[in-house]
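To start, the structure itself, in structure tokens.
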Amino acid sequence: MPGLVHEEAFFVFLRVGLWKECIEINGQFTAIDFDRVLSLAEKQSVIGIVAYGVERITAQEHHPDVSLTEKLKFTGKAMLIEQRNVAMNNFVGELFGRLQNNGINAVLLKGQGVAQCYERPLRRSCGDVDLLLDEDGFVKAKRLLLPIASDAGREFEYERHQALVIGPWSVELHGSQRCGLSSKIDAVIDEVQKTVFEEDDVRYWQNGNVKVPLPGANSDVIMIFTHFLKHFYKGGLGLKQICDWCRLLWTYRESIDVQKVESRITRMGLVSEWKAFAAFAVKYLGMPVEAMPMYDDAHKWNRKAERIKAFVLSVGTFGQNRDMSYYGKYPYLVRKCISMSQRVGDLVSHSLIFPLDSLRFFPRIIFNGLRSAMRGE
């Protein structure tokens, strides 16, 4: 298969960048096209982690032949990611200082918080700043931040979501983490969110002089998993989100309540999805088996893992591998129709992995899409 060796090399570098253990290469990749490895890493938003893997592998006695020019391509991009992360960490500290001084109880989702679970947090590619808020906090945060935002999107009512641009940063206010796949899933997500705020299920990241609240590990595992599953079913899942899930599970492996996690996943009806992505994480990302709840090495889960890999590599993070040129060409409703046609195509791919759930979730996905279109969201 053309390019397979580059895909294999990419996953090796990614695994080494994710974990302490360093894989012995022993010259098995003799003719790697590093430009293609770099392209894969960029499309999956894991360039900093892959660069770390390249650095560690090329420090071994037996390693692939990598020229200084090739190494500098990875190192240069990794340095830019580190610089952006430092700037974003400063912004997050200022933002939470402002929120806390105004009595607003916000929790940082994903992003810079889960980055602290990595061997080198500054190597994780940063994106938006996502804030989880209770009902009162959501209203207060909008009132506080809208006046200083240079741009603001329309509010999504069902998800209670408001997008803002503050300086060079995208800030997302979330009054809910509902994924819109099924009412059963969303009910458990609401329950998890209630636990975070009403039972103070939080952990903290000391970001400079500011203590930034993050969801407790048991809650965060569910939020990160259902969030990337939402992107999987709605067409834009990348490896970065799955890596976040793995690093969180690994970092808190001693304190995560496995029975609680299994109970929530079961009540949401997502056992098949969890086991398939667990198989993918172990097989392709090198996730240690002992830290992965509900892992099952049966052949059917490994077969699903292969299909997950094919889909994730084909669409890229947030669907960036798709042709999105129609966004600048057509009116809003036409764009929505094209987007929905892509959803139908994804249904075919997903039905080969999760046949029953693909059919179960599809009407809700289409309904939510039509509702958003009617509201102009």
Side-chain angles (χ1 to χ4, degrees), residues 7 10-11 14-15 18-19 44-46 49 110 114 117-118 124 177 179-182 184-185 188-189 192 217-253 256 258 260-319 346-347 349-358 360-361 365:
E7 182 182 297
F10 162 75
F11 277 107
L14 180 59
R15 288 197 295 273
L18 279 171
W19 313 107
Q44 296 297 327
S45 298
V46 291
I49 303 168
K110 309 184 296 293
V114 77
C117 295
Y118 283 78
R124 178 192 178 274
Q177 274 291 280
C179 62
L181 295 177
S182 79
K184 184 161 61 173
I185 295 172
V188 176
I189 293 173
V192 170
N218 290 310
S219 297
D220 213 5
V221 164
I222 298 299
M223 289 184 176
I224 286 177
F225 177 71
T226 53
H227 181 76
F228 80 62
L229 202 62
K230 167 186 172 180
H231 284 293
F232 172 76
Y233 277 110
K234 295 184 178 182
L237 177 62
L239 288 173
K240 183 176 80 168
Q241 294 101 315
I242 307 175
C243 290
D244 286 350
W245 179 55
C246 291
R247 285 301 314 183
L248 179 70
L249 284 166
W250 172 253
T251 302
Y252 293 94
R253 62 194 180 280
I256 284 176
V258 173
K260 180 179 285 187
V261 171
E262 290 184 4
S263 172
R264 286 169 167 171
I265 293 298
T266 301
R267 285 192 289 122
M268 286 189 286
L270 295 177
V271 171
S272 291
E273 282 81 358
W274 182 284
K275 287 190 172 185
F277 277 96
F280 173 85
V282 170
K283 183 173 183 178
Y284 293 106
L285 302 182
M287 175 72 183
V289 172
E290 65 271 19
M292 177 55 76
M294 302 170 68
Y295 174 70
D296 188 335
D297 66 353
H299 175 68
K300 76 171 186 175
W301 303 117
N302 284 295
R303 188 174 65 248
K304 290 178 186 294
E306 292 174 7
R307 290 171 176 162
I308 288 172
K309 183 192 77 167
F311 179 76
V312 169
L313 292 184
S314 70
V315 300
T317 301
F318 301 126
D346 289 341
L347 175 64
S349 298
H350 296 151
S351 65
L352 296 174
I353 311 172
F354 307 115
L356 296 179
D357 282 349
S358 294
R360 179 163 67 102
F361 298 151
I365 292 171

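In this text the structure is predicted, and so the values were computed from the model without any measurement. Below, each value reflects all heavy atoms present in this structure, side chains not excepted, and no hydrogens, waters or symmetry copies. Numbering starts at 1 and runs along the sequence shown.
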So do the side chains of [X] and [Y] get within less than 4.5 Å of each other, counting heavy atoms only?
X	Y	result
Leu249	Met287	yes
Cys246	Trp19	yes
Leu229	Cys179	no
Leu237	Phe277	yes
His350	Phe232	yes
Asp357	Leu181	no
Arg247	Val114	no
Ile222	Gln177	no

Distance check, rounded to the nearest 0.5 Å: [X] atom [atom1] versus [Y] atom [atom2]?
X	Y	atom1	atom2	value
Tyr284	Lys309	OH	NZ	4.0 Å
Glu306	Trp301	CD	CH2	14.5 Å
Lys184	Leu270	NZ	CG	8.5 Å
Ile256	Ser219	CD1	OG	10.5 Å
Leu14	Lys240	CG	NZ	13.0 Å
Gln44	Ile49	CD	CD1	11.0 Å

Over all atoms of both residues, closest heavy-atom pair of Leu352 and Arg307: O-NH1, 2.9 Å
Among Asp296, Val289, Asn302, which residue satisfies the side-chain contact (heavy atoms from CB on, under 4.5 Å) criterion with Val282?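 When side-chain contact (heavy atoms from CB on, under 4.5 Å) is applied between Val282 and each of Asp296, Val289, Asn302, only Val289 qualifies.
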side-chain contact (heavy atoms from CB on, under 4.5 Å) test vs Val271 passes for just one of Lys275, Met268, Glu273, namely Lys275
Partner residues of Arg124 under the side-chain hydrogen bond (donor to acceptor under 3.5 Å, both in side chains) criterion, sequence neighbours left out: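 Only Asp244 meet the side-chain hydrogen bond (donor to acceptor under 3.5 Å, both in side chains) criterion with Arg124.
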Sequence-distant partners of Asn218, side-chain hydrogen bond (donor to acceptor under 3.5 Å, both in side chains), two or more places apart: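 Result, side-chain hydrogen bond (donor to acceptor under 3.5 Å, both in side chains) vs Asn218: none returned.
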Treating Ser314 as the side-chain partner and Phe311 as the backbone partner, does any N or O pair qualify as donor plus acceptor under 3.5 Å? yes
Worked verdict on Ile185 versus Phe361 for side chain to side chain contact (heavy atoms under 4.5 Å, CB included): CA-CA 10 Å; Ile185 295 172; Phe361 298 151; 3.7 Å; yes
Given Trp245, which partner from the list Phe225, Phe280, Tyr252 fulfils the ring-ring contact (aromatic ring centres under 6.0 Å, His included) test?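 Output: one option passes, namely Phe225.
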